Amino acid sequence: MKTDEKKEKKEKKIPLGRTLYCNFLMLSKIWHMTPQYIVFMVIVGLVGGAASSLETIFTYMLFNALDEPGVTFGRMAAYLGVILGVNFLIGLFYAWYYEYYQTVTDKKLQHRMHEELFRHALTMDLACYDDPKFYNDYVWAMDESKGRAVQVLDDTARMIRYLITISTLITLMMRVDVLVGAILFVGAAADAVLWEVGNRFNFKKNERTKPLHRKNSYVNRVYHLADFAKELRVSRAGENLEKIYSDSVDGIVEAEVWNGKRRYGLDLLTEVVDEAARFLPVVLLLFKLYDGTAQLGAFVASINIIWNLNWSIYDLAKNLIRMPENARYVEKYLKFMSYKPTIVSGEIEPEPLETIELKNVTFSYSPVEPKEKEEKAEPENECGEKPQETKNSLEDVSLTIRRGEKVAIVGYNGAGKTTLTKLLMRLYDPTEGEILYNGRNLKDYDIPGLRAKIGTVFQDYKIFAATVAENVLGREVHEEDRDAVTDALTKATFADRLAELEKGLDTPLTKEFSEDGVNLSGGEAQKVAIARIFARPYELIVMDEPSSALDPAAEYELNHTILAYAKDKTVVFISHRLSTTRMADRILMFADGRLIEEGSHDELMRRGGKYAEMFRLQAEKYRESA
């Protein structure tokens, strides 16, 4: 526990060099995406610094002129006219920049940064989504990217402004009183220290509450998604969700209370320091005014300088102190963007499929409790978690599937059937052994090219908030695509339902974005998902529980349609329902991650093993149901 605390403290403290690097890297990224934003950021800083400096200089000159004998109204009006003119022009520039330019450019920057994050997320290994720590970092990167980028940009502009302003004010202040300048710097330095402590508290609070806010978001999402509406009404799942929501809110409140108590004391101390830094110089100048060593005009001008200098130094200190805070958040972003996947694409374009072979394949991704052992430093894997001992989803599996074969992979839930799909698609790589495509290791092939050869319908398929046609093709639909999409839906036995849809292929699915959207039944949605494999010229088709949402008659019709369409293609049916198996050339029976039986339906029934037992049990249930 103490080791973890030391590690956590070490991670929170960011060295100066790393702080500067993180902030500079974010500015470089903005320059790469929107270079003009950086240019205008510098201009805003220069204009702001020049404005503050000129206003203070003219104010100083104006009040000093009051002490001069024979000063004319015209001269005073000229000073005022210059101040008003400069302020008016700067106001016009700021209005254009903040109300128009920054608003538009912020959106462009957000779009480009999120596009980069989206593309990078697609390179992540699927295993990373099982790692809560990595997933939280991903959420941080997505939530903080644009906002933190703009914060770094704004802080840099302000620092340029304040450095110019402070340089001007210090030059003027030294002409009034050196001691007053020293007091202002001491006050600003104290504020800077207190500000940094407060930032650390805020960061720690945010780190504690981020996962809790994600739980809140999940509960909110469940309650407004139609997918969960039935389950919530017919079960007591809502009680558990309410407890999750309540516990997360309690955790957030606890973190806010923890932070609030500490911030209250800091804010009180900061207020004392601020007031002392503002009013002590005024008192000193009053004494000078009363003992005759300062004139009234110089005193009034000096007060203006003191307040401007105090706020400028204070704001500069806040911006400097915020740099480590920005760096902490930027590091989360950099950590996500620097992630290197373990599933790396090869360079060879896959040729037409002849064979797929698994040689002594073992695969593990279900963590179990590690055994007691001596504590020692262990390397972290790509997703940030220490390796854990695991149980095998597949254990020493060897098999070959040839071109044109119709193979059924069967077994009870948890037998390792679905894992095969993920391995064939290279969503995971084997822990041991290898998978060969036409005799060559799957890792040697270009991943997009490989996935263009293998069509898959996942057991947990998803329907997107898009049109029917877009759901089938997975991309923008052109006029020349429409016949192919209609044909694919017909082969998936969706033609009758398609004819009922008023907008046909252009019907939006789900009501996520449109009140006219259509929510399909489970069987209908599954047919749309199946149509995806008919819309492209795949050579290997993997059907993971392809008819789980269909009734037996619809299942029978669909299976025959698939086999008719895929007459010359290689098809793998994965199922725990055995109604499909009699159509297969070969059946592979899995149990506990192992291939335990192989053969045709008749061969396995004569053998009287696990497959025969499973088939008879299911047949008996069908007879009882009938």
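In what follows, every heavy atom counts, from backbone to side chain, and hydrogens, waters and symmetry copies are set aside. What you see is a predicted model, and the numbers here were worked out from it, not measured in a lab.
- Other residues, nucleotides and ligands contribute at most 12 non-hydrogen atoms within 6.0 Å of the CD atom of Glu502.
- Residues Met543 and Phe458 are not in side-chain contact: their nearest non-hydrogen atoms beyond the backbone lie 4.5 Å or more apart.
- For Val44 against Tyr94, the heavy-atom pair with the smallest separation is O-OH, 4.0 Å.
- Using a 4.5 Å cut-off on side-chain heavy atoms (C-beta onward), Cys22 and Arg18 make contact.
- In Lys215, the NZ atom is not crowded: 12 or fewer heavy atoms of neighbouring residues, nucleotides or ligands sit closer than 6.0 Å.
- Side-chain atoms of Asp446 do not come within 3.5 Å of backbone N or O of Glu349 as any donor-acceptor pair.
- In terms of heavy-atom proximity, Thr19 sits nearest to Ala327 at CA-CB, 3.9 Å.
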Quiz item: Under the side-chain contact (heavy atoms from CB on, under 4.5 Å) criterion, do Ile454 and Met425 qualify, and how do the steps go?
Solution: CA-CA 7 Å; Ile454 306 174; Met425 298 295 290; 3.4 Å; yes
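- Using modelled atom types, one finds a donor on one side chain and an acceptor on the other under 3.5 Å when comparing Asp106 with Tyr37.
- Side-chain N or O atoms of Asp544 include none that pairs as donor or acceptor with a backbone N or O of Thr418 at under 3.5 Å.
- Taking the side chain as every heavy atom from C-beta outward, Thr486 and Leu505 approach each other to under 4.5 Å.
- With rounding to the nearest 0.5 angstrom, the NZ atom of Lys340 is 12.5 Å from the CG atom of Asp125.
- For Glu470, there are no salt bridge (charged side-chain N to carboxylate O under 4.0 Å, His left out) partners two or more places apart in sequence or in a different chain.
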Quiz prompt | Worked check of side-chain contact (heavy atoms from CB on, under 4.5 Å) between Met26 and Asn326 | solution = CA-CA 10 Å; Met26 184 56 75; Asn326 290 336; over 6 Å; no
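- Side chains of Thr467 and Asp506: no donor on one and acceptor on the other come within 3.5 Å.
- Of the inter-residue distances, the one linking Tyr333 atom OH with Glu116 atom CD reads 4.0 Å to the nearest 0.5 angstrom.
- Screening Trp96, Tyr98, Phe93 for a ring-ring contact (aromatic ring centres under 6.0 Å, His included) with Phe40, the sole residue that qualifies is Trp96.
- Between the CG atom in Leu194 and the OG1 atom in Thr270 there is a gap of 4.0 Å [rounded to 0.5 Å].
- Residues Asp481 and Arg475 form a side-chain contact, since some pair of their non-hydrogen atoms from C-beta on lies under 4.5 Å apart.
- Of all non-hydrogen atoms in Tyr461 and Gln526, the two that sit nearest each other are OH-N, 3.4 Å.
- Residues satisfying the ring pair (Phe, Tyr, Trp, His ring centres under 6.0 Å) criterion with Phe201, sequence neighbours excluded, are Trp258.
- Remark: Lys205 engages Thr209, Ala255, Glu256, Asn259 in a side-chain contact (heavy atoms from CB on, under 4.5 Å) (not counting sequence neighbours).
- Of the possible donor and acceptor atoms, none in the side chain of Thr507 sits under 3.5 Å from a partner among the backbone N and O of Val468.
- At a cut-off of 3.5 Å, with distance as the only test, a side-chain donor of His111 or Glu115 sits close to an acceptor on the other residue.
- Electrostatic pairing of Glu500 and Arg497 counts as a salt bridge here, judged by a charged N lying under 4.0 Å from a carboxylate O.
- Under the 3.5 Å distance criterion, the side-chain polar atoms of Thr105 are left unmatched by any main-chain donor or acceptor of Gln102.
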Self-check item: Check against side-chain contact (heavy atoms from CB on, under 4.5 Å), Leu117 and Met337
Solution: CA-CA 8 Å; Leu117 285 166; Met337 291 304 297; 3.7 Å; yes
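- Looking only at distances, a side-chain donor or acceptor of Ser345 sits under 3.5 Å from a matching main-chain atom of Ile447.
- A side-chain donor-acceptor contact under 3.5 Å links Arg451 to the backbone of Arg426.
- Counting heavy atoms from C-beta on, the side chains of Arg263 and Leu266 come closer than 4.5 Å.
- Nearest heavy-atom pair across Lys453 and Tyr437 is CG-OH, 3.9 Å.
- Within 6.0 Å of atom OH in Tyr21, 12 or fewer heavy atoms from other residues, nucleotides or ligands are found, so the atom counts as exposed in its surroundings.
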Quiz item: Do Ile541 and Val572 pass the side-chain contact (heavy atoms from CB on, under 4.5 Å) test, and can you show the C-alpha distance, the side-chain angles, and the key distance before you say yes or no?
Solution: CA-CA 6 Å; Ile541 297 172; Val572 176; over 6 Å; no
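- Closest heavy-atom contact between Leu489 and Ala531: CD2-CB, 3.7 Å.
- By the neighbour-count criterion of 12 heavy atoms within 6.0 Å, atom NZ of Lys511 is densely surrounded, having more than that number from other residues, nucleotides or ligands.
- Ring centroids of Phe24 and Trp31 are separated by 6.0 Å or more, keeping the two rings apart.
- Side-chain contact between Val219 and Val222: absent, with no pair of heavy atoms (C-beta onward) separated by less than 4.5 Å.
- Taking 4.5 Å as the limit, every side-chain heavy atom of Asn441 sits out of range of all side-chain heavy atoms of Ile435.
- Side-chain contact between Val249 and Asn216 is present, with at least one heavy-atom pair separated by less than 4.5 Å.
- Annotation: the span from Thr342 atom OG1 to Asp429 atom CG amounts to 6.5 Å, rounded to 0.5 Å.
- A distance-only check finds no donor-acceptor pair linking the side chain of Arg161 to the backbone of Val47 [under 3.5 Å].
- Smallest separation of non-hydrogen atoms from Thr419 and Ser393: OG1-OG, 3.7 Å.
- Taking CD of Glu331 as the reference point, atom CG of Leu25 lies at 10.5 Å (rounded to 0.5 Å).
- Note: Leu153 CG to Gln151 CD = 10.0 Å, rounded to the nearest 0.5 Å.
- With hydrogens and angles disregarded, a donor-acceptor distance shorter than 3.5 Å links the side chain of Arg112 to the backbone of Met33.
- There is a side-chain donor-acceptor pair under 3.5 Å between Tyr445 and Glu351.
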